[in-house]
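Before any comments, here is the structure.
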Amino acid sequence: MVKIDPNRLMGDLKRLRSFGATGPGVVRLSLSPVDLAAREWLAARMTEAGLDARIDGVGTVFGRSRNSGPALLIGSHTDTQPTGGWLDGAMGVMYGLEIARALAENDATRHLAVDVASWIDEEGTFSGLLGSRSFVGDAVDESIRGATNRQGERLEDVLKAAGLAGRPRARFEAGRQVAYLEPHIEQGGRLEAIGKSIGVVTTIVGLREARLRFTGQRNHAGTTPMAIRRDAGAALVAFIARMNDAFKQLADADTVWTVGRINLDPGSMSVVPGAADMYLQFRDANTARLQAMDQRLAELVRDFNVQNAAQNAVSVELQTIDEPIEPVSMDATLAEHIARAAEALAPGQWLRMPSGAAHDAQVIARCMPACMMFVPSIGGVSHDFIEDTAEEHIVLGCQVAATAAASMLLEASAKRS
Ligand SMILES: [Zn+2]
C-alpha cells in the first residue's frame with residue numbers, strides 16, 4: 001500500500017498558498033510576477049522529487065518522470081481567479097507531486113511513471129484552458145496572438161518578458177502517457193450536504209450560452225400610458241418567467257441555467273427601456289437534454305414574436321455567443337480504480353457525480369482516457385477568498401488518489417508486459 005506523507009503534502013500546499021496570499025485566499029493570476037515565482041518554486045520542488053521539470057513555452061509547469069512508461073499524468077492548475085481560493089487547482093497539482101514522491105518511496109511502485117502538470121491559465125486570465133489545449137495539440141498560437149488580460153497586456157508580450165516565448169511546449173506523448181487523473185475540490189455543496197468525503201466524477205457537463213435582445217421603443221416614463229408602451233425591459237422579465245417554467249419541465253436535479261447579466265437601454269429611471277439584453281447560460285451532463293433546451297428556447301422566442309407582432313410591441317432575437325461545449329464523459333475504467341480506492345479507505349463515504357464546472361480534464365480527454373475526483377468544499381464555496389476544505393478531507397483525498405494511481409499504473413504495466 002502506497003502511503004502519502006500528510007505533513008509534506010500540507011506543508012507544500014501552504015507554501016504554495018503564500019504566493020499571492022490575500023487574507024485566507026490567493027490572487028495568483030496567470031503569468032503575473034507572483035504566479036511566475038510560484039511556477040519556479042513548483043519546478044524546483046518537482047526536481048527535488050526526482051522529476052525532469054521545466055516551465056514550457058506557454059507557462060505550463062511539467063514534471064516528467066525519469067521512469068519509462070506507461071505513465072500516469074496527474075495535473076490541474078495553480079493560477080487563480082481574481083478572487084481565488086487557495087485550493088482550486090492547486091490541490092490537484094500538489095497531489096500529483098506528493099503521489100510521485102510516495103510511489104518513488106515504495107518498493108512495489110518505485111518503477112512506475114507519474115508525470116505531473118500545472119496547466120497554464122485554466123482560469124482564463126488571457127485564454128482559458130491554454131496549457132491543456134497546447135498539450136493536446138490545438139493550434140494555440142492563434143489564441144495567443146489575440147489574447148490580452150483585463151489590463152490590456154498582450155499575452156505574446158508577457159510570455160516574451162517572462163523569457164518563455166520560443167521555449168519548447170509540453171506535448172502529449174502517445175505510447176507513454178496512458179491515463180490522466182485530475183483531483184480537484186468540488187466547488188459545490190453536494191458532498192458536504194450528504195456528508196460524503198469523495199466524489200468520483202462521471203461527466204463534465206456541457207454548456208450553452210446565448211444572448212437574447214429585446215427591441216421596443218424608448219419613451220418618456222411619465223407621459224407614456226402603460227397600454228401603449230413598447231417596454232423591452234418588461235418583456236424581458238416576462239420572457240424569463242416563461243423560460244424558467246419551460247426549462248423546469250426538461251430539467252433533472254443537475255440541470256442548471258443562469259441569466260448572469262441584463263442590460264437595459266438606456267438604463268434610466270425616467271425612460272421606458274427601448275432595448276434589453278439578457279445573457280443566458282445553461283449546463284447539463286446530457287447532450288440530448290442540452291439540445292432539447294436549445295430547441296425549447298428557440299420555440300419560446302418564436303412564440304413570443306408571434307404573440308407580440310399582433311400587438312406591435314416588442315420583438316426578441318436569439319443569438320448564440322460561443323460554440324456549444326458538449327459534455328465529456330470520464331473514463332469508466334479509471335473511475336472504477338478511484339471508486340475502489342475510495343471504498344477501501346472510506347467505506348460508504350463516496351459517490352459518483354457530474355462536474356458542473358469546466359476543468360482541464362475535458363481537454364486532456366481528447367487524447368487519452370481521463371478521470372477526476374473531488375473532495376468537499378466547505379459551504380460549497382469556491383472562486384472566493386473563503387474557499388476551504390477540511391484538512392482531514394485533503395489528506396484522505398490524496399491517499400485515495402495515490403492508491404488509485406498505483407492501481408491504474410500497475411494494471412497498465414501488467415497489460416503492456
Ligand atoms: Zn480549478
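Sequential numbering from 1 along the given sequence is applied to the chain's residues.
Although no hydrogens or angles enter the test, the distance criterion places no donor-acceptor pair under 3.5 Å between the side chain of K14 and the main chain of L9. E387 places a side-chain N or O within 3.5 Å of a backbone atom of L87 that can act as its donor or acceptor partner. Judged by distance alone, the side chain of R229 and the main-chain N or O of A221 form a donor-acceptor pair under 3.5 Å. Within the 3.5 Å criterion, the main-chain N or O of L409 finds a donor-acceptor partner in the side chain of S413. Using modelled atom types, no side-chain atom of R213 and backbone atom of E317 make a donor-acceptor pair closer than 3.5 Å. In this structure a side-chain-to-backbone donor-acceptor pair under 3.5 Å is present from N67 to L112. Listed for the D56 side chain is a donor-acceptor partner under 3.5 Å among the backbone atoms of A170. A donor-acceptor pair is defined here as one N or O able to donate and one able to accept, closer than 3.5 Å; such a pair exists between the side chain of Y95 and the backbone of C398. With hydrogens and angles ignored, the 3.5 Å screen pairs a side-chain donor or acceptor of T403 with a backbone N or O of Q399. Between the S355 side chain and the A357 main chain, a donor and an acceptor come within less than 3.5 Å of each other.
With values rounded to the nearest 0.5 angstrom, T224 atom OG1 is found 3.0 Å from N219 atom CG. The distance from the CG atom of D115 to the OG atom of S65 is 6.0 Å, given to the nearest 0.5 Å. Here D12 contributes atom CG and W41 contributes atom CH2; the two are 4.5 Å apart, rounded to the nearest 0.5 Å. To the nearest 0.5 Å, atoms CG (D79) and CZ (F126) are separated by 10.5 Å. We find the CZ-CZ distance between R39 and R54 to be 14.0 Å, quoted to the nearest 0.5 Å. The CE atom of M372 sits 8.5 Å away from the CG atom of D360 when rounded to the nearest 0.5 Å.
Taking the charged nitrogens against the carboxylate oxygens, R366 and D138 do have a contact shorter than 4.0 Å, which makes a salt bridge. Of the charged side-chain nitrogens involved, none lies within less than 4.0 Å of a carboxylate oxygen, so that D231 and R218 do not count as a salt-bridged pair. Classification of E299 and R296 as a salt-bridged pair holds, one side-chain N sitting under 4.0 Å from a carboxylate O. Using a 4.0 Å cut-off between a side-chain N of Lys or Arg and a carboxylate O of Asp or Glu, R169 and D141 qualify as a salt bridge. Salt bridge status for E173 with R64: present, with a side-chain N to carboxylate O gap under 4.0 Å.
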Stepwise, does the side chain to side chain contact (heavy atoms under 4.5 Å, CB included) test hold for M330 with I204? CA-CA 7 Å; M330 296 290 95; I204 300 175; 3.7 Å; yes
Could you go through the side chain to side chain contact (heavy atoms under 4.5 Å, CB included) check for T202 and M353 one step at a time? CA-CA 6 Å; T202 50; M353 61 187 291; 5.7 Å; no
Going through the distances and angles, do E186 and S377 end up as a side-chain hydrogen bond (donor to acceptor under 3.5 Å, both in side chains)? CA-CA 6 Å; E186 179 192 355; S377 295; 5.4 Å; no
Salt bridge (Lys or Arg N to Asp or Glu O under 4.0 Å) evaluation trace for D254 with R289: CA-CA 11 Å; D254 295 322; R289 184 176 290 110; over 6 Å; no
Stepwise side chain to side chain contact (heavy atoms under 4.5 Å, CB included) test for L264 and D277: CA-CA 7 Å; L264 300 181; D277 290 332; over 6 Å; no
Applying side chain to side chain contact (heavy atoms under 4.5 Å, CB included) to N305 and V316, what does each step give before you reach the verdict? CA-CA 6 Å; N305 281 328; V316 54; 3.5 Å; yes
Is there a side-chain hydrogen bond (donor to acceptor under 3.5 Å, both in side chains) between S18 and R15 once you walk through the steps? CA-CA 5 Å; S18 72; R15 178 75 180 96; 2.8 Å; yes
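The side-chain heavy atoms of D35 and I120, taken from C-beta on, include a pair separated by under 4.5 Å. In this structure the side chain of F282 never reaches within 4.5 angstrom of the side chain of L207, judged on heavy atoms. Looking at V375 and L396, their side chains never come closer than 4.5 Å, going by heavy atoms from C-beta outward. When side chains are defined from C-beta on, K160 does not count as touching R154, because their heavy atoms never get closer than 4.5 Å. Contact annotation: the side chain of C371 approaches that of I338 to within less than 4.5 Å [non-hydrogen atoms, C-beta and beyond]. Using a 4.5 Å cut-off on side-chain heavy atoms (C-beta onward), L31 and L164 make contact. Side chains of H77 and V93 form no contact here, defined as non-hydrogen atoms less than 4.5 Å apart. The shortest side-chain heavy-atom distance between I144 and V58 falls under the 4.5 Å cut-off.
The local environment of CZ in R416 is crowded, with over 12 non-hydrogen atoms from other residues, nucleotides or ligands closer than 6.0 Å. Around the CD atom of E142, the shell of radius 6.0 Å holds no more than 12 heavy atoms that belong to other residues, nucleotides or ligands. The 12-atom threshold is exceeded at CD of E48, counting heavy atoms of other residues, nucleotides or ligands nearer than 6.0 Å. Within 6.0 Å of CD on Q319 lie more than 12 heavy atoms contributed by other residues, nucleotides or ligands.
In summary, the side chains of S76 and E182 do present a donor paired with an acceptor at a separation below 3.5 Å, with no hydrogens or angles considered. In the model, D284 has a side-chain atom that pairs as donor or acceptor with a side-chain atom of T255 under 3.5 Å. Checking R133 against S127 by side-chain atom types alone, a donor-acceptor pair falls below 3.5 Å. Between the side chains of R283 and Q281, at least one donor-acceptor pair of N or O atoms lies under 3.5 Å. Side-chain contact check for H184 and D88: at least one donor-acceptor pair (N or O, by modelled atom type) lies under 3.5 Å. Counting only N and O atoms by type, the side chains of S329 and T203 include no donor and acceptor under 3.5 Å apart. No hydrogens or angles considered: nothing links the side chains of T320 and R208 as a donor-acceptor pair under 3.5 Å. Using modelled atom types and a 3.5 Å distance limit, the side chains of W86 and D388 yield a donor-acceptor pair.
When all heavy atoms of V200 and A335 are compared, the closest pair comes out as CG1-O, 3.6 Å. Minimum heavy-atom separation, V2 to A102: CG1-CB, 3.7 Å. Minimum interatomic distance between I364 and S132 (heavy atoms only, all atoms of both residues): CD1-CB, 3.7 Å. Closest heavy-atom contact between G92 and I74: O-CG2, 4.1 Å.
Geometrically, R28 does not engage F19 in a cation-pi contact defined by less than 6.0 Å to the ring centre and at most 45° from the axis.
Remark: of the listed residues I321, V259, L212, I321 is the sole one forming a side chain to side chain contact (heavy atoms under 4.5 Å, CB included) with Y279.
Residue pairs meeting the salt bridge (Lys or Arg N to Asp or Glu O under 4.0 Å) criterion with at least one partner in residues 328-347, sequence neighbours excluded, are E336-R352.
Below 30°, between 30° and 60°, or above 60°: for Y180 and W119 the angle between ring planes is between 30° and 60°, a tilted geometry.
In terms of the salt bridge (charged side-chain N to carboxylate O under 4.0 Å, His left out) criterion, residue partners of E98 (sequence neighbours excluded) are, by chain and number, R8, R101.
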